[in-house]
Every structure is written in structure tokens, then in C-alpha cells.
Amino acid sequence: MTNLDALNGPQKEAVVSQDSRILVLAGAGSGKTKTLLQKIIYLIEERGVSPLDILAITFTKNAANEMLDRLIMVADHSGAYAALMHDKKKSKTEKDSARREYVRKYKWIEGLTIRTFHSFGYYLLRTFGVNEFDNRFRIIGEEKSTDLDEFSKYLAPETAQEVFHKLIIQQSENNGYLLALKRYILDYVVDKIHLKDGGMPYGHRDGKFYTSLDGTKVRSKSYQFIADYFFRHSISYQYEPVLQIKDFPFSPDFFVPAANLYIEHVSNRSYPMQAKEEQFQKGGILYAKTFESMAENSALFTHVLDNLIRGRLPAGHDTSKIITFQEAFKGHLDHVKEFVRMVMRITDLVKVESLSPEQVLFNSRKDQHERVRVFYELAIPIILAYEQYCINKSYLDFNDLISRTVSLLKNQEDITHKVRNRYPFVLVDEFQDVNNLQVELIKLLLTEKTQLFCVGDDWQSIYGFRGSNVDYIIDFERHFPESKIIKLNLNYRSTQNIVGASNEVIKNNRYKIEKDILASKSSHHKIEVYAGTVEEENVAYCMKKVQECIEEGIPGEEILFLYRRSKMFTPYFEGLKKEGLRVQYKTIHAAKGLEARVVFIVGLTDGYGGFPDIWLEDRIFQVIKKANLDLLMEEERRLFYVAITRTKDKLFLITEKGRESSFLKEIPETYTIRTGVPLKSVVEEVRICSNCSRQLEKMFGYCPYCGEKQK
């Protein structure tokens with residue numbers, strides 16, 4: 001029989017509820033996994049539900065394995081499995097093998113379907129997807145070999161990056177595409193002409209900050225256009241050659257030897273032309289002028305240059321230009337890789353947001369910036385080619401596993417009917433992390449009789465950059481009508497000070513569900529906020545505190561360092577290494593779900609490289625999904641909340657004097673002790689006679705003016 005007495009009131013309510021749509025809003029440390037697992041056991045033991053009827057969906061393989069481990073430990077009264085899983089000498093391979101063996105041993109656990117979203121999509125497509133896609137498909141990822149468990153046997157022989165690179169080379173067989181791609185990379189990846197500094201891009205102070213297709217540095221886009229015209233038509237030229245005809249040396253803009261012609265492009269950047277023209281006339285030298293107004297229309301400018309040049313070229317001069325990809329990007333292959341990475345990210349976003357590449361291209365053409373418009377003109381053909389390539393080769397990437405499953409359930413009614421009837425109970429863990437595609441899949445699994453049981457915490461939604469949408473949990477009742485919301489508000493992990501501080505921090509978010517989280521543990525320690533004047537002081541302080549914790553008997557695995565970005569931890573890693581100390585350390589994103597008795601959060605500084613780290617990504621991404629500064633800040637605050645709530649007992653917040661993170665100001669002083677090395681005063685101490693108020697030398701014991709003894 002299930003032991004519901006071990007549950008608190010809200011946990012028990014969630015477990016026994018028979019409502020068809022349930023959201024369990026579980027605060028940090030409130031026993032959400034325990035509640036979800038107890039729901040499974042209750043359904044089987046008390047309600048007589050067959051394990052075959054239950055589908056539990058998680059986000060990561062580790063989370064799915066944790067569920068299985070805890071269920072096995074419930075079933076294994078001998079304790080042998082728990083001892084094996086906690087044995088540090090056992091390898092991951094040995095533990096995975098033991099898990100599979102024990103799952104087979106307990107048939108009720110083997111009957112459960114506990115899978116990640118991707119694994120579930122994989123299973124449905126392999127089993128039922130023959131009318132939707134080749135059900136002998138292979139998985140294409142960013143790496144060739146990775147521990148993908150059931151996917152590993154079906155990995156594609158090439159990576160997504162290799163395929164994209166191959167497709168760009170193929171597309172570049174079209175000379176027009178190749179030159180447009182090179183133009184984009186030179187302008188916006190190499191020269192970064194969209195980043196202005198006093199009228200000039202960063203890093204260029206000689207005025208020549210535009211690169212032509214043949215690598216020549218020129219002074220303006222118009223000069224660049226002319227140089228590119230010569231390159232595309234196989235016409236040799238000299239840029240700004242030094243010429244002295246009679247009175248003084250000067251540099252015409254271009255010289256075309258084959259046409260024996262000098263070209264001066266007249267703009268507001270040009271030197272006065274009169275003196276130059278007099279020199280050309282004195283030497284009887286052929287020259288021509290072009291004007292900036294012509295450059296406003298590329299077709300017109302090309303026509304003007306054709307008229308100036310072509311008739312003056314020698315007979316038989318071949319103006320066609322065929323160039324290979326390797327020739328075009330010699331010395332720039334790393335920049336091409338950067339472009340490829342951007343296209344791959346856009347491909348993922350397009351899929352997660354359920355958009356068509358054609359619609360994205362249409363939207364991009366309305367953007368006010370040429371750089372954004374040109375990027376999509378170059379990227380969308382590659383994305384379409386990638387989709388077709390993967391279909392042809394029977395490849396699916398991880399987003400495809402979900403989108404193709406959605407398509408399968410939308411288009412194949414017989415399959416949809418079978419799957420819905422198979423799983424009358426659908427449980428979803430970490431619901432705050434769902435994206436559009438995943439919610440669409442969940443909805444397709446439901447009938448009026450299906451019980452949907454979701455567990456999550458909107459305060460811990462930290463994957464917006466990956467496409468998750470916190471609105472699904474905050475506005476759950478709109479997305480899943482006639483639903484029941486149950487709040488788990490008792491934190492079993494952290495002390496009162498830590499829970500109180502985390503509550504105060506998250507109050508500053510407006511877009512959230514109100515929860516009053518309470519602590520079950522009393523506080524023996526206040527949160528220590530340390531502000532050194534330099535980083536070395538912070539490192540030394542942390543090393544001292546780690547040593548103290550170890551001397552108190554706290555094991556190294558119960559001491560956890562957290563940071564927003566990996567580079568923040570480098571000096572602390574070196575410090576721990578030097579002191580011979582071994583300690584858990586992770587980015588905050590990677591630490592979600594972990595807990596430790598002692599937690600250090602480092603890098604809590606304001607401004608660039610600190611935390612909060614509001615990173616408004618390239619405008620290119622705004623075509624797919626608009627960024628909102630307030631929402632980005634709220635996600636950063638949720639990330640800080642996640643970091644704080646990893647702590648069981650002791651929390652150390654490490655900052656720098658004068659650069660304290662704005663998040664630290666959100667924690668009331670009642671929860672903290674603030675320490676640091678004090679700054680020395682710039683004002684020297686002045687001794688004043690207590691009797692006559694005259695200034696005294698420091699060593700005087702008596703006032704020389706009134707004779708009063710000094711303290």
C-alpha cells in the first residue's frame with residue numbers, strides 16, 4: 001500500500017486528485033519529484049492503473065534515470081540497488097547496466113513509459129511513423145559520437161555542421177551566391193561595418209575599412225562596388241596608384257591598365273577635382289568620372305561602369321569570372337564557420353517556433369537593416385537545402401523528432417487514436433521549460449478523459465534562450481482549460497534565511513505566479529556577502545571558507561561553486577587547485593536540480609561580464625522572435641533564484657566593492673552578513689586639542705598651547 005501519510009497536505013491533494021488537468025506548482029526544494037513519483041505509485045497501487053497506461057515525460061536522460069532509480073529503490077527492499085548507485089567506485093556504464101537489469105526485474109517498472117520528449121518522439125516515429133517518414137531514420141546531431149543511449153546505434157555518419165558546410169559549398173557553385181556570401185562575410189563578419197565608432201567601424205583608423213572581393217581595403221561602399229565590379233569581370237586594376245604628371249603627385253581612385261583609363265569617383269569624401277583634372281589634361285591622359293548619386297542604384301552604377309570600361313578593353317578580353325569556394329574564402333574559412341553556426345541556430349529557432357523558412361524570409365525583407373535582409377537571403381536557401389538533404393538521407397535532428405511526431409499525430413488519425421488510448425495518464429516534469437513544439441505534442445496526446453499531471457515552477461524557468469516559453473506554466477489555465485492548480489509551498493531543502501532571501505529576490509519579477517514559500521528548516525547561519533577590492537581577495541576569502549567547511553567535516557561534494565559564465569570561475573579553479581582542494585563547480589544552468597550543504601555564487605558584479613547578464617542577441621534573431629528587455633531581466637533573476645535555492649545550509653555571495661550586483665540589493669539585510677576589506681580613508685586623521693581646539697602633532701601628549709593632557 002502507498003504511504004500517503006509521508007506527504008504534506010498539498011502533496012497528498014496532488015497525488016489523489018482525479019481532475020483531468022492538474023498543474024502542481026512546486027517551489028524550489030518542495031519535493032516535486034517525490035510528488036510525481038508518488039502519483040505513479042498511487043495510480044498503480046490504489047487506483048489499479050496498469051503501468052502500461054502511464055506516460056511520464058522528462059527533459060533530460062538524467063532526469064528520466066533519476067525517476068527510475070527512485071522507483072527501483074522503492075521496490076528493492078534489500079537496499080542493494082541504493083548502495084550500488086551511491087558507490088563512487090562504480091562507473092557510469094556499470095550503473096547504467098545495473099539500472100537496465102533492475103528495471104527488467106520489476107515488471108511494473110518495466111511497464112512504465114518514462115522518456116524524454118526526444119526519446120518519446122523517437123519511439124513513436126520508429127514504431128508508427130512509416131507513413132510520415134522513413135522509420136529507419138538516423139539521428140543527425142552536432143557531434144558524431146555522443147552518449148545518446150538508444151539513439152547511439154542510429155547516428156548519422158555526418159554532423160549537422162558538416163552538412164551545412166557541404167551545402168554552402170554546393171550553393172556557391174552559383175557564382176552570384178558565392179560573391180554575395182563573400183560580400184556579406186567581408187562586410188559584416190570581418191570588417192563589421194555595422195558597428196560604427198565616430199563614423200568608422202571599430203579597429204580602423206586609416207579610413208580604408210571596406211574590403212573588396214579581392215581583399216583590397218578601400219574607403220567607402222562606392223569604391224568597394226567599383227573594385228568588386230572589376231573583380232567580377234576579371235578586370236585588373238590598381239587602387240589609388242601614385243601618379244605625377246607635371247606639377248605635383250596625386251592618387252587617382254582607380255587605374256585600369258587594360259583600358260588605359262583612370263577613374264575618379266566624386267563624392268563628399270573626394271578631394272577637390274579641379275587641380276587633378278588640370279593635370280590629366282596637361283598629360284593628355286584618359287580619365288572618367290563617376291558620381292555618388294549613381295551608386296544609389298546598383299543596376300544603374302553597373303550600367304555606367306559597363307559603358308565606361310567594356311568598349312575600351314582589348315578585343316577578346318574575357319569578362320566572365322569563375323571562382324571556386326576555396327579560392328573565394330582562402331584565409332576566411334573560420335569566418336565561414338561563424339556564418340554556418342549562425343545559420344544552424346536560426347534553423348533550430350525556426351523549428352522550435354513552428355515557422356516556415358519562407359515566412360521567415362518574407363518577414364526579414366521588411367527589416368530596416370541591409371545586413372539582416374542580406375543574411376536571410378543567404379541563409380534561407382541553405383536552410384531549405386538542409387531540410388531537403390535530411391529528408392533525402394533519412395536524417396532527423398532533435399527538433400525534427402518532435403516536429404515530425406506532431407505531424408504524425410496530426411495527419412494519421414489511426415495512429416493518434418491508438419497513442420491516445422494507450423496513455424490515459426500523461427505526467428510531465430519540469431513543465432516550466434516547455435517550448436511551443438512540446439506543448440503542441442502534449443495537446444495531441446490528450447482526450448477529455450486523459451489525466452494530464454504537470455509539475456513545475458515558473459520561478460525556475462531559465463531556458464528562454466533555448467526556446468522555452470514560461471507563458472505555458474504561468475497561463476496554464478488558458479492553455480489547458482478547466483484545470484486545477486495545486487501549490488507546493490514548503491521548502492524542505494533550505495533554511496529560513498535562504499528561503500526568505502530567495503522569496504524577496506523573486507518578488508521583483510512581475511511576470512510570475514504568486515507563491516508564499518516557507519522553510520521547514522530553521523537557520524543557523526546568515527547569508528555571507530563578501531566584497532573584495534580585487535579578485536585576489538575574493539579568491540583568498542573563498543579558499544579560507546572552503547577550508548573551514550572541510551575542517552567542520554563537510555565533504556567536498558557538498559560544497560558547490562556556481563557562476564553565470566564559465567570564465568568567472570577560472571581564478572577560483574586555480575585557487576582550489578593550488579590549495580589542493582577538490583569542489584563541485586558548475587554554471588547555474590547546469591546546476592538546476594542539484595543541491596549542496598554549502599554554495600558559493602561568484603561573479604556577482606554589475607555591468608559587463610557580471611550577473612545579471614542581459615544579453616540582447618544579434619538583431620538577426622529578432623526576425624524570428626522579438627527580444628524583451630524586461631523579460632530577459634526577469635529570466636536572469638529567476639537564474640539567481642535557482643542559484644540561491646541550491647543551498648541547504650550555508651550560502652556565500654561573492655562580489656566586488658563598488659561593483660555589487662543589483663541582485664544583492666534585493667536581499668534584505670535581515671538575512672545577510674556583509675563583509676569585505678575596508679577601503680583606506682583618503683583623509684588623514686587630524687588631532688585636535690580637546691580643550692582649545694587647536695591642531696596638534698600626533699606624538700604630543702600635552703597641548704603646547706594650553707597645556708591640557710591629551711587622551
Taking C-beta and beyond as the side chain, do N175 and R232 meet within less than 4.5 Å on heavy atoms? no

Mind checking what makes salt bridge (charged side-chain N to carboxylate O under 4.0 Å, His left out) contact with E660, not counting sequence neighbours? none

Point-to-point distance, once rounded to the nearest 0.5 Å, from OH of Y563 to CD1 of I588: 10.0 Å

CA sep, side-chain torsions, deciding dist, call: S403, N399, side chain to side chain donor-acceptor pair (under 3.5 Å): CA-CA 6 Å; S403 61; N399 284 315; over 6 Å; no

Kindly write out the residues that satisfy side chain to side chain donor-acceptor pair (under 3.5 Å) with Q279, not counting sequence neighbours, or none if the list is empty. D247

Give the C-alpha distance, both sets of side-chain angles, the deciding distance and a yes or no for salt bridge (Lys or Arg N to Asp or Glu O under 4.0 Å) between K592 and D433. CA-CA 12 Å; K592 188 151 177 295; D433 294 331; 3.6 Å; yes

Taking only residues two or more places apart in sequence or in another chain, which ones pass ring-ring contact (aromatic ring centres under 6.0 Å, His included) with F301? F225, H265

Y237-D214 side chain donor-acceptor pair, cut-off 3.5 Å: yes

Using only heavy-atom distances, determine whether the side chains of N436 and Y472 contain a donor-acceptor pair under 3.5 Å. yes

Sorted by chain and number, sequence neighbours left out, side chain to side chain donor-acceptor pair (under 3.5 Å) with N174 holds for none

Any residue meeting salt bridge (charged side-chain N to carboxylate O under 4.0 Å, His left out) with D348, in chain and number order, not counting sequence neighbours: none

Can the ring centroids of H332 and F339 be said to lie less than 6.0 angstrom from one another? no

Qualifying residue for side chain to side chain contact (heavy atoms under 4.5 Å, CB included) with F611, from D606, T605, T655, L639: L639

Scan for salt bridge (Lys or Arg N to Asp or Glu O under 4.0 Å) pairs involving residues 336-346, sequence neighbours excluded, and state none if there are none. R345-E617

May I ask you to say whether D397 pairs ionically with K351, meaning some side-chain N is under 4.0 Å from a carboxylate O? yes

Closer than 3.5 angstrom, by distance alone: can the side chain of E292 be matched with the main-chain N or O of V266 as a donor-acceptor pair? no

Between E537 and T533 (side chain of the first, backbone of the second, donor and acceptor by atom type, cut-off under 3.5 Å), is there such a pair? yes

Interatomic spacing from OG in S661 to CG in L664 - rounded to 0.5 Å: 5.0 Å

So do D306 and T302 actually touch side chain to side chain, heavy atoms under 4.5 Å? yes

With sequence neighbours left out, write down each residue that passes side chain to side chain donor-acceptor pair (under 3.5 Å) with E327, or none if nothing qualifies. T324

F325 vs H165 aromatic rings, parallel, tilted or perpendicular, using cut-offs 30° and 60°? perpendicular

Which atom names give the shortest non-hydrogen contact between M344 and A160, and what distance separates them? CE-CB, 3.8 Å

More than 12 heavy atoms of other residues, nucleotides or ligands under 6.0 Å from NE2 of H369: yes or no? yes

In chain order, what residues pass the ring-ring contact (aromatic ring centres under 6.0 Å, His included) check against Y188, with sequence neighbours excluded? Y184, H194

With sequence neighbours excluded, residues passing salt bridge (charged side-chain N to carboxylate O under 4.0 Å, His left out) with E240: K208, R219

As an exercise, state the distance from CZ of R564 to CG of D613, rounded to the nearest 0.5 Å. 5.0 Å

Taking NZ in K625 as the centre, count heavy atoms belonging to other residues, nucleotides or ligands within less than 6.0 Å. Is the count above 12? yes

Residues that N435 engages under side chain to side chain donor-acceptor pair (under 3.5 Å), provided they are two or more places apart: none

4.5 Å side-chain heavy-atom contact, E264 and E277: no

With sequence neighbours left out, write down each residue that passes salt bridge (charged side-chain N to carboxylate O under 4.0 Å, His left out) with R373, or none if nothing qualifies. none

K182 side chain to A328 main-chain N or O, any donor-acceptor pair under 3.5 Å? yes

For the pair T159 (side chain) and G141 (backbone), establish whether a donor and an acceptor sit closer than 3.5 Å, ignoring hydrogens and angles. no

Check residues 380-392 and write down every donor-acceptor pair under 3.5 Å in which the side-chain atom is one partner and the other belongs to a residue at least two apart or another chain.
| from | atom 1 | to | atom 2 | distance (Å) |
| --- | --- | --- | --- | --- |
| Y389 | OH | E158 | OE1 | 3.3 |
| Y389 | OH | E158 | OE2 | 2.7 |
| Y389 | OH | K166 | NZ | 2.8 |

Ring centres under 6.0 angstrom apart (F254, Y287): no

Would F250 and F280 count as a close aromatic pair, with their ring centres under 6.0 Å? yes

Would you say Q224 and D228 make side-chain contact, with heavy atoms under 4.5 Å? yes

Centres of the Y229 and H233 rings: under 6.0 Å? yes

Any idea which heavy atoms bring I601 and A643 closest together, and the distance? CD1-CB, 3.6 Å

To the nearest 0.5 Å, tell me how far E634 CD sits from N509 CG. 4.0 Å

Taking NZ, NE, NH1 and NH2 as the nitrogens, is one of them in K192 or D187 under 4.0 Å from a carboxylate oxygen of the other? no

Could you check whether any side-chain heavy atom of V374 comes within less than 4.5 Å of a side-chain heavy atom of L378, counting everything from C-beta outward? yes

Looking only at atom types and distance, does a side-chain atom of T347 sit under 3.5 Å from a main-chain N or O of V343, one as donor and one as acceptor? yes

Exercise: identify the closest heavy-atom pair between G283 and I245: CA-CG2, 3.6 Å

R404 and D400 ion-paired at < 4.0 Å: no

NZ/NE/NH1/NH2 to OD/OE distance under 4.0 Å, R638 and E635: yes

Just by distance, do the side chain of Y239 and the backbone of F255 share a donor-acceptor pair under 3.5 Å? no

Of all the heavy-atom pairs spanning G603 and M568, show the shortest one and how long it is. O-CE, 3.9 Å

Just by distance, no angles: are the side chains of Y511 and D471 close enough, under 3.5 Å, to form a donor-acceptor pair? yes

Is I620 close to R371 at the side-chain level, that is, under 4.5 Å between some pair of heavy atoms? yes

When you compare the side chain of T216 with that of F231, does any pair of heavy atoms fall below 4.5 Å? no

I263 CD1 to L286 CG distance, which is reported to the nearest 0.5 Å: 9.5 Å

Any chance you could lay out the ring-ring contact (aromatic ring centres under 6.0 Å, His included) test for F569 and F561, step after step, and finish with the verdict? CA-CA 8 Å; F569 184 65; F561 275 80; 5.6 Å; yes

Quick one: are K217 and D191 in side-chain contact, heavy atoms under 4.5 Å? yes

For this output row, return yes or no: ring centroids of F137 and Y395 closer than 6.0 angstrom. no

Would you say F362 has more than 12 foreign heavy atoms packed within less than 6.0 Å of its CZ? no

